**Q** 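Got a structure here, written out as structure tokens. Questions coming.
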Amino acid sequence: LFLMSDGDYGRERWIDAPLNYLENARMAPTGDAVTITARGRIASAYTGQRRRVDLNIAKDVRARSAAYSHDGEAIYAILDQDDRGEIWKFPANGDGAPEQLTRDSAHHIWALFPSPHDATLLYMDKGGRLLKLDVDSGSTQVIDQTQSSFDFAYSGLTWSSGGRYIAYSYSDTRNLSRVAIYDTETDTKTTVTRGKYESFAPAFSADGAWLYFISNRSFNATPGSPWGDRNMGPAFQSRGQIFAVQLDPDADFPFKAPSELTAKDEESDDEDEDDGEADITVAGITDRLFQVPVGSGDFDGLAANAKSLFVSSNGNASSLQKVAFTSDSPKLSDYASNVQRFELSADGETLFVQTGRRGDAKFLILPANKDFPSDTSSQTVRVSDWTLRIDPKQEWRQLVLDAWRLHRDFAYDPTLRGVDWEAVKDRYVPLRDRIGHRSEVDDLLKQMAAELGILHSQIRSGDEPEDV
């Protein structure tokens, strides 16, 4: 006997393959764990037999942009709930209640970037601001405000080895990407690229004497057919080249052979050891530009440790390459293929690599100064036994409120065409408690979006149940 009921679709169920909903993965600065965000849930995972930790997040809340603190003891995340998405702090071991770090945020928070050195984190919002949050004191400081037409205006945020300096790329008044350094001691921003070419993905050298970055400066036209019926001009592939800005005017370029004029007294290196990091010589910094002598490519990511540069490409086959710091014919060598993201630990000794997308994703924690291993079983983060228990009705509640928030925060007209959006919330959001099927979520969202009447505000079905 089988009794049909539409209430069956609202029952709790298990998802056996959470990685099909993978959103993000980031390694702890300590290099021993990875935090994975999928379907609004967060797991802290490891290699070997160490148990996975699933953070306790309310069923009607979506978590995103999860990342470890500098010591690996906490995980920061943005929780989309109530009227605003705010930043929260969770114990990494899952033992204890989370702590809310921001309140009454004026704008949608895009993403967060914890410092690998101390209890501070950066985050950027839809107001085009880059902000620094002191987790211990709770104080927030705006360190940059975009002058571009973009509200997602910053990328590639990275810290120097001592934590004093922060490098990042930002969009200027022409919407062109440039590289800047922010000094946390003097609260000053210094732009280190001139703005003639797109520049991005900065990476400090381990000794703090150099700042490497990618710049699109190679323009070799490579159209397959210049007379194609839809060809509007030349196609420029492999535009990216790797450059370095000399932060210390006395530093030798690692890719240039030393001479009798540049050779240093080895005994002088350890004579004076200062506490903290040395001041960057700002005067003339844009003139102290060097090019790393390797070929161009479709580069999109860069990282550096004491021995090598790591560079990722987004061409036909996503790949990760590395080039050793040497003056003896430096060259890019292939490290791994199908790489979707990578990052170095705070000390540069450990490399995190994600290969594959979503359900095919594989997370690896590797020694950074060795070749890619032929057998990665011992370096693979164990997530094959990860399952998610979800409550569809609670997810539907979150979807409806999230749709209301997104329309408020992302509509092209900040006045929402004169519509009283709070009144729309009061009218439609309470109806979410009456939903009994995923298709009814779409019906409710269509009615709510219609109040605004924006042409490109469209509703597409999501995770519809299937008959089996």
Side-chain angles (χ1 to χ4, degrees), residues 23-24 26 29 35 37 42 61-71 74-90 98-160 162-173 175 177-192 200-202 204 211 343 346 405-406 408-410 414:
E23 299 173 35
N24 194 21
R26 297 162 80 172
T35 180
T37 308
I42 301 171
V61 174
R62 177 196 174 202
R64 54 187 175 87
S65 193
Y68 286 97
S69 62
H70 68 289
D71 55 8
I75 292 177
Y76 305 115
I78 303 168
L79 297 189
D80 288 335
Q81 60 181 346
D82 302 324
D83 283 359
R84 294 286 179 185
E86 303 288 359
I87 300 175
W88 289 67
K89 175 184 176 182
F90 292 81
E99 175 188 358
Q100 186 172 353
L101 300 181
T102 61
R103 286 178 170 82
D104 301 321
S105 294
H107 305 281
H108 174 85
I109 300 175
W110 287 113
L112 56 83
F113 309 89
S115 165
H117 304 289
D118 55 32
T120 61
L121 61 84
L122 300 179
Y123 67 97
M124 54 184 183
D125 67 18
K126 200 175 181 300
R129 302 183 301 172
L130 181 62
L131 304 98
K132 183 176 71 168
L133 170 65
D134 186 316
V135 174
D136 292 334
S137 68
S139 62
T140 301
Q141 175 188 0
V142 178
I143 66 173
D144 205 348
Q145 172 72 60
T146 186
Q147 301 300 312
S148 71
S149 63
F150 298 145
D151 49 33
F152 191 100
Y154 309 98
S155 65
L157 289 88
T158 186
W159 277 258
S160 60
R164 173 178 173 179
Y165 298 102
I166 302 168
Y168 59 93
S169 62
Y170 72 96
S171 299
D172 65 13
T173 55
N175 294 337
S177 179
R178 302 175 69 177
V179 173
I181 295 176
Y182 179 79
D183 187 341
T184 60
E185 288 189 5
T186 62
D187 291 329
T188 55
K189 168 188 171 183
T190 301
T191 299
V192 300
F200 52 94
F204 285 101
L211 181 69
E343 63 180 312
R405 279 194 302 260
L406 291 174
R408 177 198 62 194
D409 295 340
F410 286 81

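Worth saying up front: this structure is predicted, and the values here are computed from it rather than measured.
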**Q** Which salt bridge (charged side-chain N to carboxylate O under 4.0 Å, His left out) pairs, counting each pair once, include a residue from residues 114-125, with sequence neighbours left out?
**A**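 Those involving residues 114-125 are Asp125-Arg129.
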**Q** Please list, chain by chain and in numerical order, all residues satisfying side-chain contact (heavy atoms from CB on, under 4.5 Å) with Gln141, sequence neighbours excluded.
**A**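 So Gln141 forms a side-chain contact (heavy atoms from CB on, under 4.5 Å) with Lys132, Ile143, Tyr182, Asp187.
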**Q** Tell me, please, which residues at least two apart from Asp144 pass salt bridge (charged side-chain N to carboxylate O under 4.0 Å, His left out).
**A** Lys189
**Q** Got a sec, which residues hit ring pair (Phe, Tyr, Trp, His ring centres under 6.0 Å) with Phe152, two or more places apart in sequence or on another chain?
**A** Trp110
**Q** If the condition is ring pair (Phe, Tyr, Trp, His ring centres under 6.0 Å), which residues does Trp88 pass it with, not counting sequence neighbours?
**A**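 Expected list: none.
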**Q** With sequence neighbours left out, what residues match Arg405 under salt bridge (charged side-chain N to carboxylate O under 4.0 Å, His left out)?
**A**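 Applying salt bridge (charged side-chain N to carboxylate O under 4.0 Å, His left out) to Arg405 gives Asp402.
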**Q** Please enumerate all residues that pass salt bridge (charged side-chain N to carboxylate O under 4.0 Å, His left out) together with Asp409, with sequence neighbours excluded.
**A** Arg84
**Q** What pairs of residues pass the salt bridge (charged side-chain N to carboxylate O under 4.0 Å, His left out) test when at least one of them lies in residues 147-159, not counting sequence neighbours?
**A** Lys126-Asp151
**Q** Can you name the closest pair of heavy atoms from Val179 and Pro202 and give their distance?
**A** CG1-CB, 3.9 Å
**Q** Among residues at least two apart in sequence or on other chains, which ones pass side-chain contact (heavy atoms from CB on, under 4.5 Å) with Asp82?
**A**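 For Asp82, no residue satisfies side-chain contact (heavy atoms from CB on, under 4.5 Å) once neighbours in sequence are set aside.
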**Q** Could you pull out all residues at least two apart from Thr188 that satisfy side-chain contact (heavy atoms from CB on, under 4.5 Å)?
**A** Asp183, Thr186
**Q** Tell me every residue that passes salt bridge (charged side-chain N to carboxylate O under 4.0 Å, His left out) with Asp83, counting only those two or more places apart in sequence or in another chain.
**A**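 Salt bridge (charged side-chain N to carboxylate O under 4.0 Å, His left out) check on Asp83 returns Lys425.
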**Q** Kindly write out the residues that satisfy side-chain contact (heavy atoms from CB on, under 4.5 Å) with Thr102, not counting sequence neighbours, or none if the list is empty.
**A**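 In terms of side-chain contact (heavy atoms from CB on, under 4.5 Å), with neighbours along the sequence ignored, Thr102 is linked to Glu86, Ile87, Ser105, Ile109, Tyr123, Leu133.
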